[in-house]
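Below is one structure; the comments refer to it alone.
Note that this is a predicted model, so its numbers are computed, not measured.
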Amino acid sequence: MNNLKITLIKFKMVVLIFFAVGLITGIITSCFSNDAQSDTNGSTKETVSSVMEKRPMIIWFQDIETGPEALDLAISSGLFSHVLLEGVNYLDRQNYYTVPKFRQSLEVLRKHKDVKIIWCRWLYPGHKLDNFKFEDAFDANYYVRQIRRIREEAKLMGADFVAFDVEPYVKCPLLALPNRRIPEAKSNAIRDAIRTAVQSEGKVDFVLPAPFICQASLKHLYEATSEIGEDAIAEHTYRDVPKMRNDKRRPYDIFGAFVSVTKTDPNNPDTPFFTPREILERQELWSHKKGLLIFTGLYDNSISVAREFSKIGSVRPVKD
């Protein structure tokens with residue numbers, strides 16, 4: 001009799017355990033089901049993968065003449081998702097594979113397969129001007145050729161994206177424009193030429209600097225040239241000067257920061273730099289944008305800044 005009671009008690013305990021397990025499983029399943037349903041309905045709940053997808057890109061600006069040392073240091077930190085590799089206009093230098101520093105930089109990038117490459121050239125030549133005149137800036141065929149060539153080069157080198165730096169440099173005829181200002185009729189002519197080229201070839205992925213929208217009769221060159229790129233990288237945000245970066249006439253997609261190991265610029269004390277740790281911590285400046293570009297300028301500064309980033313590489317900036 002006692003054995004029968006013990007057997008019944010054990011049976012009841014087993015039943016209760018199975019019931020409890022089933023109830024808990026049902027609750028967990030229901031929770032996950034509700035979360036999945038909430039996500040489908042546009043809830044703000046995010047998975048790890050969705051957070052990673054929404055994280056702003058962190059771009060290291062690499063001038064080809066800087067060489068691979070700073071580049072290797074910077075991207076070895078693990079902080080950078082992209083590298084913008086910039087060269088001069090195609091008319092200034094057609095083949096970069098003859099430049100040792102270019103080949104070395106590509107070798108560094110190929111070691112870091114998770115880092116995306118943005119191949120960038122100057123939109124306008126600044127050195128060899130035999131085949132470029134001021135009037136060419138109003139010719140749609142000029143922009144068609146530039147877009148086709150940069151895409152061909154990107155495919156050859158295995159770059160993921162293409163970009164144009166639209167600032168005129170060195171001896172470019174467009175430097176004759178005072179303060180980059182241009183009469184509205186001529187601005188419209190450049191814009192229309194670029195739009196015609198884009199209709200044929202499509203926009204490149206990035207353009208820098210960001211456009212400057214002016215209401216005056218004299219327009220800014222960058223308002224017209226910005227039409228060639230999808231996402232605008234800001235340069236007016238380079239210095240830690242609120243008045244400059246808050247200029248509503250300069251819409252942009254990616255925050256650009258001039259970074260140095262010292263905050264103060266001895267040559268321009270009123271326009272301080274950002275420091276490596278500071279720019280990562282001040283996420284309110286760029287986390288709501290599509291990304292952050294780190295510009296370092298001269299070679300020595302690039303090495304020093306890259307070294308600092310390598311020391312703080314465990315800091316992973318995320319979008320709140």
For this session: Using the salt bridge (Lys or Arg N to Asp or Glu O under 4.0 Å) rule, take Arg110 and Glu107 through it: C-alpha gap first, then chi angles, then the decisive distance, then the call.
Result: CA-CA 5 Å; Arg110 284 166 182 157; Glu107 288 172 9; over 6 Å; no
For this session: Report the C-alpha separation of Phe164 and Trp122 in whole Å, then their side-chain angles, then the decisive distance to 0.1 Å, and conclude whether the ring-ring contact (aromatic ring centres under 6.0 Å, His included) test is met.
Result: CA-CA 6 Å; Phe164 279 124; Trp122 296 356; over 10 Å; no
Exercise. Step by step, would you call Leu129 with Lys171 a side chain to side chain contact (heavy atoms under 4.5 Å, CB included)?
Worked result: CA-CA 8 Å; Leu129 303 171; Lys171 297 182 292 184; 3.9 Å; yes
For this session: Starting from the C-alpha separation in whole Å, work towards a yes-or-no answer on side chain to side chain contact (heavy atoms under 4.5 Å, CB included) for Tyr90 and Arg145.
Result: CA-CA 10 Å; Tyr90 184 83; Arg145 290 193 298 271; over 6 Å; no
Problem set entry | Test log, rule side chain to side chain contact (heavy atoms under 4.5 Å, CB included), inputs Phe258 and Thr237 | CA-CA 8 Å; Phe258 199 142; Thr237 58; over 6 Å; no
For this session: Step by step, work out the ring-ring contact (aromatic ring centres under 6.0 Å, His included) result for His82 and Phe161.
Result: CA-CA 10 Å; His82 296 65; Phe161 305 98; 5.7 Å; yes
For this session: Any chance you could lay out the side chain to side chain contact (heavy atoms under 4.5 Å, CB included) test for Leu156 and Tyr97, step after step, and finish with the verdict?
Result: CA-CA 11 Å; Leu156 181 65; Tyr97 282 93; 3.8 Å; yes
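For the pair Asp72 (side chain) and Val108 (backbone), a donor-acceptor distance under 3.5 Å is absent. Of the possible donor and acceptor atoms, none in the side chain of Asp63 sits under 3.5 Å from a partner among the backbone N and O of Tyr299. When atom types are taken as modelled, the side chain of Lys203 and the backbone of Val198 share no donor-acceptor pair closer than 3.5 angstrom. A donor-acceptor contact shorter than 3.5 Å is absent between the side chain of Lys101 and the backbone of Pro68. Side-chain N or O atoms of Ser76 include none that pairs as donor or acceptor with a backbone N or O of Leu73 at under 3.5 Å. For the pair Asn246 (side chain) and Pro242 (backbone), a donor-acceptor distance under 3.5 Å is present. Here the side chain of Ser187 pairs no donor or acceptor atom with the backbone of Pro183 at under 3.5 angstrom. The closest donor-acceptor contact from the side chain of Lys133 to the backbone of Asp130 lies under 3.5 Å. Between the side chain of Tyr143 and the main chain of Ala137, a donor-acceptor pair closer than 3.5 Å is present. Side-chain N or O atoms of Arg103 include none that pairs as donor or acceptor with a backbone N or O of Tyr96 at under 3.5 Å.
Separation of atoms OG1 (Thr98) and CZ (Arg93) is listed at 5.5 Å; rounding is to 0.5 Å. For the atom pair Thr275 OG1 and Arg282 CZ, the distance stands at 9.0 Å (nearest 0.5 Å). Rounded to the nearest 0.5 angstrom, Cys214 SG and Glu184 CD are separated by 11.0 Å. Between atom OG of residue Ser77 and atom CZ of residue Arg307 there is a gap of 13.5 Å, rounded to the nearest 0.5 Å. Once rounded to the nearest 0.5 Å, the distance linking CG of Leu79 with OG of Ser310 reads 9.5 Å.
Comment: Arg148 engages Glu201 in a salt bridge, judged by a side-chain N to carboxylate O separation of less than 4.0 angstrom. Ion pair Glu152/Lys155 not flagged as a salt bridge, since none of the NZ, NE, NH1 or NH2 atoms sits closer than 4.0 Å to an Asp/Glu carboxylate oxygen. Contact check on Lys290 versus Asp231 returns a salt bridge, with a Lys/Arg side-chain nitrogen under 4.0 Å from an Asp/Glu carboxylate oxygen. Ion pairing of Glu227 with Arg195 is present here, as a side-chain N (NZ or NE/NH1/NH2) and a carboxylate O approach within less than 4.0 Å. A salt bridge links Glu167 to Arg180: one of the charged nitrogens lies within less than 4.0 Å of a carboxylate oxygen. By the 4.0 Å N-to-carboxylate-O rule, Glu153 lies close enough to Arg121 to be salt-bridged with it.
The nearest pair of heavy atoms linking Leu174 to Pro168 is CB-CB, 4.0 Å. Contact record, Val162 with Ile118: C-CG2, 4.4 Å, taken as the closest heavy-atom pair. Between Ala224 and Ile194, the shortest heavy-atom distance links the atoms O-CD1, 3.7 Å. Contact detail for Val166 and Val207: the closest heavy-atom pair is CG1-CG2, 3.5 Å.
The residue from Phe61, Phe274, Phe273 that alone fulfils the ring pair (Phe, Tyr, Trp, His ring centres under 6.0 Å) condition with Phe295 is Phe61. Each of Asp160, Leu109, Ile59, Ile117 was scored for a side-chain contact (heavy atoms from CB on, under 4.5 Å) with Val83, with one residue passing: Leu109. Under the side chain to side chain donor-acceptor pair (under 3.5 Å) test applied with Thr296, the options Ser304, Ser302, Ser260 reduce to a single match, Ser302. Test Arg149, His127, Gln146 against Asn89 for side chain to side chain donor-acceptor pair (under 3.5 Å) and you get one pass: Gln146.
In this structure, Val115 and Phe80 have side chains that are not in contact, with every pair of non-hydrogen atoms separated by 4.5 Å or more. Looking at Glu278 and Lys263, their side chains come closer than 4.5 Å, going by heavy atoms from C-beta outward. Taking the side chain as every heavy atom from C-beta outward, Cys120 and Phe206 never approach each other to under 4.5 Å. Two residues are said to be in side-chain contact when any heavy atoms from C-beta on lie closer than 4.5 Å; Ile303 and Glu69 meet this criterion. Annotation: side chain of Ile233 is in contact with side chain of Leu84 (closest heavy-atom distance under 4.5 Å). Proximity of Tyr124 to Asp136: side-chain heavy atoms (C-beta onward) are nowhere separated by under 4.5 Å. Between Leu123 and Ile228 the shortest side-chain heavy-atom distance falls below 4.5 Å. In this structure the side chain of Thr264 never reaches within 4.5 angstrom of the side chain of Pro272, judged on heavy atoms.
Under the 4.5 Å side-chain contact rule for hydrophobic residues, Ile75 and Ile254 do not share a cluster. By the criterion of side-chain heavy atoms lying less than 4.5 angstrom apart, applied directly or through intervening Ile, Leu, Val, Met, Phe, Trp or Tyr residues, Ile58 is grouped together with Ile279 in one hydrophobic cluster. Neither Val144 nor Phe132 shares a network with the other; the hydrophobic side chains, linked directly or stepwise wherever heavy atoms of I, L, V, M, F, W or Y lie under 4.5 Å apart, form separate groups for each. A chain of hydrophobic side-chain contacts below 4.5 Å, direct or via other Ile, Leu, Val, Met, Phe, Trp or Tyr residues, connects Met57 to Tyr238. Taking hydrophobic clusters as Ile, Leu, Val, Met, Phe, Trp and Tyr residues chained together by side-chain heavy-atom distances below 4.5 Å, Ile64 shares a cluster with Val88.
Residues meeting the salt bridge (Lys or Arg N to Asp or Glu O under 4.0 Å) test with Arg245, sequence neighbours left out: Asp240.
Counting heavy atoms of neighbouring residues, nucleotides and ligands inside a 6.0 Å radius, atom CG of Leu175 exceeds 12 of them. Heavy-atom neighbours of Asn179 CG from other residues, nucleotides or ligands within 6.0 Å: at or below the threshold of 12.
Arg181 forms a cation-pi arrangement with Phe212, by the criterion of a distance under 6.0 Å to the ring centre and an angle within 45° of the ring axis. Judged by the 6.0 Å and 45° rule, Lys186 forms a cation-pi pair with Phe138.
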